[in-house]
Chemist: 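To start, I am sharing the structure in question, which I have written as structure tokens.
Everything numeric here is computed off the predicted structure, so don't read it as measured data.
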2 protein chains.
Amino acid sequence: MELFQLETFLTVAREKSFSRAASRLHRTQSAVSQTISRLEEDLGEKLFDRSSRDGSLTDAGQLLVTYAEELLNVRAEARDALQELRCIKASW
Amino acid sequence: MELFQLETFLTVAREKSFSRAASRLHRTQSAVSQTISRLEEDLGEKLFDRSSRDGSLTDAGQLLVTYAEELLNVRAEARDALQELRCIKASW
DNA sequence: CATAATTACGTTCGTCGTAACCATA
DNA sequence: TATGGTTACGACGAACGTAATTATG
């Protein structure tokens, strides 16, 4: 479970579509599909229900959304904090 | 900035040594060194002060510790939650 | 049938270990 | 000079895109 995979997962979950997620991520449908497959394999859980093509999440998928959001938010905070530190040090 | 890299970083920071971190992570010194180098390159910041060999953190390194801890904790929570879901579903 | 997702294939990039190298206490 | 960290090198795995395939509405 890496942040790159979670970013992909969350984009698909939000767009409710592999193809729209791919477009938003500037990747191909194929790449997104492969990344999600690897994440599912790693977790041992399907995250999306492929039977209906409306991009609906499984139970595990729904559960993961919240954690994925938090993880990506914290990473963003970390980046901001580092940037802030750079600014402070530059003004020395 | 990926969780794999942060796990490596945090282990080095806690052990205050690349070699002890490597041992704990069941990797070689070299692998740990390379992973840290890539992370530093990605962030555009040195995280450890190599001049003194006591494994001391730079300002950026100290700042990152807190975020790295939180990120790894949240991932652990996510894994626990998924496991819990599996147990619940198994009892159906 | 048209659109969405998966699979196959070759390429690229990050991590790995081994081994050689550099540095410092 | 012994120990800790880095660099060079080749191997492996995960990501990529293209293109062919499958499946669903």
Chemist: Using the ring pair (Phe, Tyr, Trp, His ring centres under 6.0 Å) rule, collect all pairs that involve residues 5-25 of chain A, keeping only residues at least two apart or in two chains.
Modeler: A:F9-A:F48, A:F18-A:F48
Chemist: How would you give the extent of chain A contacts on DNA chain C, as first and last nucleotide 5' to 3' within a 4.0 Å heavy-atom cut-off?
Modeler: C:dT3 to C:dA8
Chemist: Using whole Å, what does the distance between atom C1' of nucleotide D:dG5 and atom CZ of B:R38 come to?
Modeler: 17 Å
Chemist: In the 5'-to-3' direction, what one-character label does each nucleotide of nucleotides 16-25 of chain D receive under the scheme B = base within less than 4.0 Å of a protein heavy atom, S = sugar-phosphate only, - = no such atom?
Modeler: BBBB----BS
Chemist: Identify the residue among B:E70, B:E7, B:E69 that makes a salt bridge (charged side-chain N to carboxylate O under 4.0 Å, His left out) with B:R75.
Modeler: B:E7
Chemist: When you measure from the side chain of A:R20 to the backbone N and O of A:E15, does any donor-acceptor pair fall under 3.5 Å?
Modeler: yes
Chemist: Pairs under 3.5 angstrom only: tabulate donor-acceptor contacts from the side chains of residues 80-92 of chain A to other protein residues two or more places apart or in another chain.
Modeler:
residue : atom : partner : partner atom : Å
A:Q83   : OE1  : A:R86   : NE           : 3.2
A:Q83   : OE1  : A:R86   : NH2          : 3.1
A:R86   : NH1  : B:L43   : O            : 3.2
A:R86   : NH1  : B:E45   : OE2          : 2.8
A:S91   : OG   : A:I88   : O            : 2.7

Chemist: Could you check how far CD of B:E2 sits from P of D:dA14, rounded to whole Å?
Modeler: 14 Å
Chemist: Test your reading of the model: is there a side-chain donor-acceptor pair from B:T8 to the backbone of B:F4, 3.5 Å cut-off?
Modeler: yes
Chemist: With heavy atoms under 4.0 Å as the rule, sort B:E41 into base, sugar-phosphate or nothing.
Modeler: nothing
Chemist: Kindly write out the residues that satisfy side chain to side chain donor-acceptor pair (under 3.5 Å) with B:Q34, not counting sequence neighbours, or none if the list is empty.
Modeler: B:S30
Chemist: Check whether any side-chain N or O of B:Q5 sits under 3.5 Å from a backbone N or O of B:E2 as a donor-acceptor pair, and report yes or no.
Modeler: yes
Chemist: Taking only residues two or more places apart in sequence, or in another chain, which ones meet A:Y67 in a ring pair (Phe, Tyr, Trp, His ring centres under 6.0 Å)?
Modeler: none
